[in-house]
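Right, one structure below, let's go through it.
In this text, all values refer to a predicted model and were calculated from it rather than measured experimentally.
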Amino acid sequence: MAAREVWRIRQAGSLDRLKRESEDLGAPPPGHARVRVGAVGLNFADLAACLGLYSATPKGAFVPGLEFAGTVDAVGDGVTAVAPGDRVIGLTRFGAYATDINADARYLHPLPAGWSYADGAALPVQALTAWYAINDLGSCKPGHAVLVQSAAGGVGLNALAILSGMGARVVAAVGRESKVPFLVEHAGLARPQVVVRDRRAFGTQLDRALGAIGTDGFDLVLDAVAGPFFEPAYRRVRPAGRVVIYGAADLMPAGSRTNWLKLAMRYVARPRIDPINMVSANRSVMGFNLIWLWDQAELLPGSYAGLARYITRAPHIGRRFPFGQAPAAMRYLQSGGSVGKVVLET
């Protein structure tokens with residue numbers, strides 16, 4: 001039995017309902033390991049779950065959080081892949097906003113040498129999302145032209161690293177001018193490759209960026225924004241090209257509570273695709289949510305191995321918050337001003 005702290009929300013619908021609680025954590029059950037958490041990675045899925053906008057949210061009270069890093073304290077029966085004292089990164093289907101966690105050992109992975117707990121907690125969800133979108137769904141090849149939406153976020157930066165290693169040509173889209181210098185310096189992009197989204201002129205912006213990388217269309221679009229920016233990108237997808245959607249930041253509420261009327265208006269105005277038009281245009285649109293791959297743990301070793309070929313340095317952490325400031329960290333992520341990963345440190 002171990003004492004732990006968690007952030008729990010009793011009913012989804014408002015970030016104000018997130019409360020810190022103390023409780024006991026039992027011994028790890030068979031197939032699990034108890035991990036003393038050193039850092040927790042934040043994701044937009046955490047926000048969506050707390051606001052009641054995530055289809056995979058547990059019913060009733062729950063502890064948010066999908067990824068963490070820490071040290072194994074104890075192991076349950078049948079666990080041989082990790083041992084007490086091992087430094088690991090981990091995935092969990094909710095429950096990571098905690099100082100200690102009993103985690104399924106299949107979802108634990110060694111923390112790379114020289115990485116901090118914060119570095120490790122910043123990796124799995126967003127890097128695996130980028131890898132699955134680019135490799136498994138996007139079938140990206142050297143020389144392909146790729147649009148990366150939200151390029152300065154966690155998934156975006158991982159995607160840029162992977163695409164650079166693959167030899168793809170990239171256009172990076174962001175929502176704020178303040179993020180451009182970081183992308184030029186950190187990701188090695190030329191300024192004409194970076195687009196600061198303008199709702200009224202996004203298509204024209206994309207045409208200029210495509211010209212800068214020497215092509216007239218995209219082979220792959222990675223979209224976590226959707227909304228009015230979907231259609232201009234979709235129209236510029238080349239024959240046999242693909243759009244992979246793994247988020248809809250345009251629908252994310254700005255406040256602590258969900259404004260259901262405003263959300264409904266945006267939902268009604270969301271982009272729609274005619275499947276018959278997709279056939280004649282020879283384009284594909286695919287959507288996925290990493291959490292629905294939870295039951296396919298056998299994919300993780302290969303995915304981590306693929307990432308290791310391209311992710312050669314620790315993820316960029318834009319902001320660190322103490323564990324006790326989880327609500328403030330979530331609101332900062334929600335603001336859209338973050339660059340790279342936001343983490344909690346215990």
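Closest non-hydrogen pair, Leu160 versus Ala187, comes out as CD1-CB, 3.8 Å. Minimum interatomic distance between Cys50 and Leu15 (heavy atoms only, all atoms of both residues): CB-CD2, 3.7 Å. Listed here is the closest heavy atom pair of Leu108 and Ala33: CD1-CB, 3.9 Å. Cys140 approaches Val146 most closely through the heavy-atom pair SG-CG2, 4.0 Å. Across every non-hydrogen atom of Pro124 and Tyr304, the tightest pair is CB-OH, 3.5 Å. Looking at every heavy atom in both residues, Lys341 comes nearest to Ala122 through CG-CB, 3.4 Å.
In this structure, Arg331 contributes its side chain and Gln334 its backbone to no donor-acceptor pair below 3.5 Å. Put simply, the side chain of Thr346 gets close to the backbone of Val37: a donor and an acceptor are under 3.5 Å apart. Under the 3.5 Å distance criterion, the side-chain polar atoms of Lys141 are matched with a main-chain donor or acceptor of Ser139. For Arg34 (side chain) and Val75 (main-chain N/O), no donor-acceptor pair under 3.5 Å exists by modelled atom type. Listed for the Asn277 side chain is no donor-acceptor partner under 3.5 Å among the backbone atoms of Ile273. Here the side chain of Trp131 pairs no donor or acceptor atom with the backbone of Ala159 at under 3.5 angstrom.
If you check the side chains of Gln193 and Arg169, you find no donor sitting under 3.5 Å from an acceptor. Side-chain contact annotation: Asp46 with Tyr54, donor-acceptor N/O pair under 3.5 Å absent. Side-chain contact check for Tyr246 and Asp223: no donor-acceptor pair (N or O, by modelled atom type) lies under 3.5 Å. Of the N and O atoms on the side chains of Asn43 and Glu67, at least one donor lies less than 3.5 Å from an acceptor on the other residue. For the residue pair Glu5/Thr99, the side-chain donor-acceptor check at 3.5 Å is not satisfied.
Glu177 has no carboxylate O lying under 4.0 Å from a charged side-chain N of Arg197, or vice versa, which leaves the two without a salt bridge. Under 4.0 Å is where a charged nitrogen must lie from a carboxylate oxygen, and between Arg313 and Asp119 no such pair does. For Asp219 and Arg238, the salt-bridge test passes: some basic side-chain N is under 4.0 Å from an acidic carboxylate O.
With Tyr117 as the aromatic partner, Arg87 meets the cation-pi criteria of under 6.0 angstrom to the ring centre and within 45 degrees of the ring axis. Remark: Arg8 is not positioned above the aromatic ring of Phe62, lacking an NZ or CZ atom under 6.0 angstrom from the ring centre and at most 45 degrees off the axis. Remark: Arg283 qualifies as a cation-pi partner of Tyr234 under the 6.0 Å distance and 45° angle criteria applied to the six-membered ring.
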Exercise for the section: Decide yes or no on side chain to side chain contact (heavy atoms under 4.5 Å, CB included) for Phe230 and Arg235, but give the supporting numbers first. Expected result: CA-CA 9 Å; Phe230 172 85; Arg235 289 202 308 267; over 6 Å; no
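Cluster partners of Val343, using a side-chain heavy-atom cutoff of under 4.5 Å among ILVMFWY residues and allowing indirect links, are Ile317.
Partners of Arg309 according to the salt bridge (charged side-chain N to carboxylate O under 4.0 Å, His left out) rule, which considers only residues two or more places apart in sequence or in another chain, do not exist here.
Side-chain contact between Phe68 and Ile89: absent, with no pair of heavy atoms (C-beta onward) separated by less than 4.5 Å. Residues Ile245 and Leu222 have side chains not in contact (no heavy-atom distance under 4.5 Å, counting atoms from C-beta outward).
The OG atom of Ser284 lies 5.5 Å from the CE atom of Met286; values are rounded to the nearest 0.5 Å. Note that OG of Ser116 is 7.5 Å distant from CG of Leu111, once rounded to the nearest 0.5 Å.
You'll find the ring centres of Phe182 and His316 inside the 6.0 Å limit.
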